[in-house]
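Below is one structure; the comments refer to it alone.
This is a predicted model, so every value here is computed, not measured.
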Amino acid sequence: MAPQDANKTSAQEVRYDPAELEIRWQQQWAAQSDLYRAHPLGQGAPKYYVLEMLPYPSGQLHMGHVRNYSIGDALARYMWMQGYNVLHPMGWDAFGLPAENAALKNNMPPRQWTLANIAQMRRQMERLGFSYDWQTEVTTCLPEYYRWNQWFFLRMLERGLAYRKQSKVNWCPECATVLANEQVIDSCCWRHEETKVEQRDLEQWFLRITDYAQELVDGLEKLSGWPEKVRTMQRNWIGRSAGATIDFAVEEQGGAEDNEPGRRHGKTPLPALEGFNSNSVKDAAEKIRIFTTRLDTIYGATSVQLAPQHPLVAQFAASDHRLRSEVDSLLEEQRKAREQDAFGALEKHGVFTGRFAINHYNGERLPIWVANYVLLEYGSGAIMAVPAHDERDYEFARKYGLEIRIVVLPRRTEPLTEGERQEPVLPYIEEDSLLINSGDYNTLGCMEAREKMAAFAQGHGFGEATVTFRLKDWGISRQRYWGTPIPILYCHKDGIVPVPDDQLPVLLPENIEITQQGGSPLAKIPEFVNAVCPKCGGPARRETDTMDTFVDSSWYFYRYTDARNSGEPFAPERAAYWFPIDQYIGGVEHAILHLIYSRFWTKVMRDLGLIKNDEPAERLFTQGMVIKNGAKMSKSKGNVVSPDDMIARYGADATRAYALFAAPPDRDLDWQEDGVAGVSRFLSRVYRLGMRYAPQVRTAAKTAAPSTSPVAQRLLRKLHRTIRKITQDFAGRWHFNTSVAAIMELVNEIVSAESEIAALPASESAVLAAALLRPLVLLLAPFAPYLAAELWQAIGATDAILRHPWPRFDENLAREEEIEIPVQINGKLRAVISIPREADNEALQKAALEEERVQAAIAGKQIIKVIIVPGKLINIVVK
RNA sequence: GCCGGGAUGGCGGAACUGGCAGACGCAGCGGACUCAAAAUCCGCCGAGGGCAACCUCGUGGGGGUUCGACCCCCCCUCCCGGCACCA
């Protein structure tokens, strides 16, 4: 081929070959081990910790990962260029069931399978050119990491934050293990969306996340850098509600003749308030504890409702066959409804127990019912039913003919007119109201009555103001092999014995046979199970369950600050320097799982004195899903796009830049391969532009000021506007789709001005080209780092572009001399006039009125008003 | 049912604080280069009307506020996500 012609339109231009160029730079970067390394303690430079959620090593990156990491990498590169000391790490959430399944299928040890996948995915990440410091890589399935899970567990055990109890737990038959509440979605397993979760009664280890429930809710108010959506989801999940627990005494059976449930029970033989003795309540044979958020309506309670699973129900039913069989059918009905996911739609059903409870506020006897809409898991599994002021109780009372007594009335500002009824529409649930039919509390407002009533109950020992949470403690035991062993021993003599710190880690045995049947795989390995009790030296049995993998991801980002520390989880001074994370980026699917556990873990670590921050991350960003043909990419839909394919066809830069260009990062992204091709064409155009001018730019003096020729003025103005826009995008809305579009506009404008540039004197055109191309390449660096590095070198730079200062914009250069002002007549656009920027309103109005089309439009009409928005628009109102 | 988010050309999207609707890209159409194709480059590209200059309509639907509304207010429809008998 003939040597390249100097003419700018040469047909033999060098071709953009992303594969060649990218692999060349990848090798060069791999050789520079400290390229992406942050100083662990800063040394003066301001710190910036940007973190993307670590992946599960399935073996293949998917487009969601590529999008997530492209966002994070653009930010990390930008922050380096802004002069920050940037921590940008990556790791592997490497424990979990898929490794066991793969082991069964391929007859390959989980560890080997996992590590091979990690190697494969790391290659993909390196090929994509992400700026991770691999020196801080964290792999959660390695003993160097999971020993600290065990260490934290022991610290929690010491503080009573870890405990063991027998309870009903969620069991996924597919996973053959227990799941946490957070891992059950629509009563199905989060990993097996088709598999219904069963309830099993098992002994499990729990972490007392509920101890932090209040702080976890309160903290959400301060997390202004988190999406409102995530904060709302967490608030709902924690489900705080303030109310009161109140005890009702259960009347001895046969204590009263009147056993008709629907009847009014105005007067009773039981003690009224004055004769009330709190001891008699405590000593009562039975009591029912209810939870209510509407204590103010307690005078309107006309029955007490128990959940069918409530212990008292079984007790009542023991001597009552009719009740037994009716309760059984309630339970059966519930079970069926749960199975069909129709629990919420279940019609309210109940049965009268024949027993009565005493309302200590007024001494009334209330019939005790069993109702299918009362949940055992929430509150105390029992409620007082106030039909007049609760929708569900109302529905139930109407069905069974129970009394409906109004005790709350709307506040009125005017007296009743004649004939107007006082009754509100039922059920009346407003709280900005006044009490009636409520003894001493009549005429009080709801809020005030609640406080006084709670104080009364407390004073008499039958209740108090309480706060209830929907959040339950975190069950972490898993009957699986591939996870962190729980460091506990069971000794006949000493009971539950923690493994001493100096015996950590409790190593997960290798080379074992994996089966999916019959409980924890570890239980079948005698060498693992049989141990020595550290207290008495006698034989002990090891705990054979492993920890939920969400333990691993609850604190991994602290380990990045000190990943090779073998004496402690991390050095506190390092965490103090780096935390909180400045920007955390990941999928919204972790809004409740990972993000609530890791907030909990942070608070525990703070209370252990290891860290000073209350929350792990200052700012959180949740990117949208990657979809194709209107659906989330999935194997079953057959719409999966492989990152490897995209890279092979268009290169890493084009794949990454497209992931940023196709949609704003917080919205779903519809993957269209033609769009990737378009971005690739754009990068090719930039490449050819850069290469055309590289020889001139190399010779141009860096400090020389570009000429004041019109073309230079115009292009520099565009350049500075582009710098300003992209800088603002990083600082603000993160609309990188418009950042990339802005670079495209700039490139288009330079390319179409090339003949004008060529017409300038040779030295001037070189200076102008340099003044345009150097910043252009810098702007490109966060979005297409390979191409930027290549061009940076081609135009004669010798430093690493990653550490080169981000270009600054000059407001004066960005400003237009002549601005275009739209002219509206009655709000409709009629003309656009060009006018000097400094022109005052008078001159602007004059110019507008003189404009030909404006003249035509206002001819014969009367000008009523002229609205001028300086620098923006002029609107002439005519009649 | 409740709480979030959304609806703009054939498609993805832009319009930052109420001020030129459709930037940028894709697809499409026409042209240049070529024996031809690829690549590249140039032009057109919301709908309707008009030879044209231009005119009218147009941001899910209906009302309103305003000189002016994709943007603010009220009502409604649909889509996505979360929670859901939580007392």
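- Ion pairing of A:E749 with A:R717 is absent here, as no side-chain N (NZ or NE/NH1/NH2) approaches a carboxylate O to less than 4.0 Å.
- Without hydrogens or angle criteria, A:D247 side chain to A:G463 main chain gives no donor-acceptor distance under 3.5 Å.
- Between B:C20, B:C16, B:G82, one nucleotide has an atom nearer to the side chain of A:K725 than all others, and that is B:C16.
- Among the nucleotides B:C85, B:A14, B:G25, the one closest to any side-chain atom of A:N372 is B:C85.
- The distance from atom CD of A:Q862 to atom P of B:C67 is 17 Å, rounded to the nearest whole Å.
- Nucleotides B:C16 and B:C71 are separated by 12 Å at their P atoms, to the nearest Å.
- Looking at A:K229, its side chain has no donor and acceptor atom pair within 3.5 Å of the base of B:C3.
- Nucleotide B:C71 forms no Watson-Crick or G-U wobble pair with any nucleotide shown, as no partner meets the under 3.5 Å limit on both distances.
- Between B:G25, B:C85, B:C20, one nucleotide has an atom nearer to the side chain of A:K348 than all others, and that is B:C85.
- Rounded to whole Å, atom P of B:C67 lies 16 Å from atom CD1 of A:I868.
- Summarising the geometry, atom CG belonging to A:N737 is positioned 11.5 Å from atom OH belonging to A:Y658; distances are rounded to the nearest 0.5 Å.
- Base pairing of B:A47: its partner is B:U56, meeting the Watson-Crick or G-U wobble criterion (both donor-acceptor distances under 3.5 Å).
- Counting any heavy atom pair closer than 4.0 Å across all strands shown, A:P227 reaches no nucleic acid atom.
- Electrostatic pairing of A:E811 and A:R724 counts as a salt bridge here, judged by a charged N lying under 4.0 Å from a carboxylate O.
- Listed nucleotides B:A87, B:A7, B:G68 differ in distance to A:L375; the shortest reach to its side chain belongs to B:A87.
- Nucleotides B:A38 and B:C33, compared at atom P, are 15 Å apart to the nearest Å.
- B:C57 and B:G68 have their P atoms separated by 14 Å, with the value rounded to a whole Å.
- Nearest-nucleotide assignment on RNA chain B puts the 5′-proximal partner with A:I874, out of A:I592 and A:I874.
- Of the side-chain N and O atoms in A:N737, none sit less than 4.0 angstrom from OP1 or OP2 of B:A23.
- In the set B:G6, B:C24, B:G82, B:C24 carries the atom at the smallest distance from any side-chain atom of A:A741.
- B:A84: no Watson-Crick or G-U partner with both key distances under 3.5 Å is found in any strand.
- Applying the 3.5 Å distance criterion, the base of B:G5 shares no donor-acceptor pair with the side chain of A:E228.
- Pairing for B:A15 is absent, with no Watson-Crick or G-U wobble pair whose two atom distances lie under 3.5 Å.
- Using a 4.0 Å heavy-atom cutoff across all strands shown, A:R235 reaches no nucleic acid atom at all.
- Close to B:C67, at under 4.0 Å from its OP1 or OP2, lies a side-chain N or O of A:K865.
- A donor-acceptor pair under 3.5 Å is absent between the side-chain atoms of A:S684 and the main chain of A:Y16, judged by distance alone.
- In this model, the phosphate group of B:C85 is not approached by any side-chain N or O of A:R470 to a distance below 4.0 Å at OP1 or OP2.
- If you check distances only, the side chain of A:D674 never reaches the base of B:C26 with a donor-acceptor pair under 3.5 Å.
- Closest to the side chain of A:N748, out of B:C24, B:G68, B:G12, is B:C24.
- Here B:G60 is in the anti range [glycosidic angle more than 90° from 0].
- Remark: B:U65 base-pairs with no nucleotide in the shown strands. Criterion, Watson-Crick or G-U wobble with two distances under 3.5 Å.
- Checked against the 6.0 Å centroid criterion, the rings of A:H360 and A:F462 qualify as a close aromatic pair.
- Distance from the side chain of A:V869 is smallest for B:G19 among the nucleotides B:G13, B:C20, B:G19.
- Distance check on atom C1': B:C54 versus B:U59 gives 24 Å, rounded to whole Å.
- No side-chain donor from either of A:Q234 and A:N236 sits under 3.5 Å from a side-chain acceptor of the other.
- At least one cation-pi condition fails for A:K348 and A:F396: the charged atom is not both under 6.0 angstrom from the six-membered ring centre and inside a 45 degree cone around its axis.
- Summary of the strand contacts: A:E745 and A:Y658 both lie near RNA chain B, and taking for each the nucleotide with the nearest heavy atom, the more 5' one is attributed to A:Y658.
- Atom CD1 in A:I867 sits roughly 17 Å away from atom P in B:G18 (whole-Å rounding).
- Dashed line: the shortest gap from a side-chain N or O of A:R733 to OP1 or OP2 of B:A15 is under 4.0 Å.
- Distances from the side chain of A:F661 to the nucleotides B:G19, B:C24, B:A87 place B:C24 closest.
- Listed nucleotides: B:A14, B:U56, B:G19. Nearest to the side chain of A:H735: B:A14.
- In this structure, A:G678 reaches the sugar-phosphate backbone alone: every heavy-atom distance under 4.0 Å involves primed, P, OP1 or OP2 atoms, never a base.
- Taking atom C1' in both B:G64 and B:G50, one finds a spacing of 35 Å when rounded to whole Å.
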What do the steps show when you test A:E754 against A:Y693 for side-chain hydrogen bond (donor to acceptor under 3.5 Å, both in side chains), and what is the final call?
CA-CA 10 Å; A:E754 282 192 70; A:Y693 287 95; 3.0 Å; yes
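- Between B:A27 and B:C35, the distance separating the two C1' atoms is 29 Å to the nearest Å.
- Between the C1' atom of B:G82 and the CZ atom of A:R231 lies a distance of 16 Å, rounded to the nearest Å.
- Taking side-chain N and O atoms only, A:T232 has no distance below 4.0 Å to OP1 or OP2 of B:C83.
- Taking 4.0 angstrom as the limit, A:R681 places none of its side-chain polar atoms (N or O) nearer than this to OP1 or OP2 of B:A38.
- Base pairing of B:U77: its partner is B:A7, meeting the Watson-Crick or G-U wobble criterion (both donor-acceptor distances under 3.5 Å).
- For the P atoms, the distance linking B:C44 with B:A53 amounts to 14 Å, nearest Å.
- Here, B:C55 and B:C42 have their C1' atoms 30 Å apart, quoted to the whole Å.
- For A:R830, counting side-chain heavy atoms from C-beta on, the closest listed nucleotide (B:U56, B:G13, B:G12) is B:U56.
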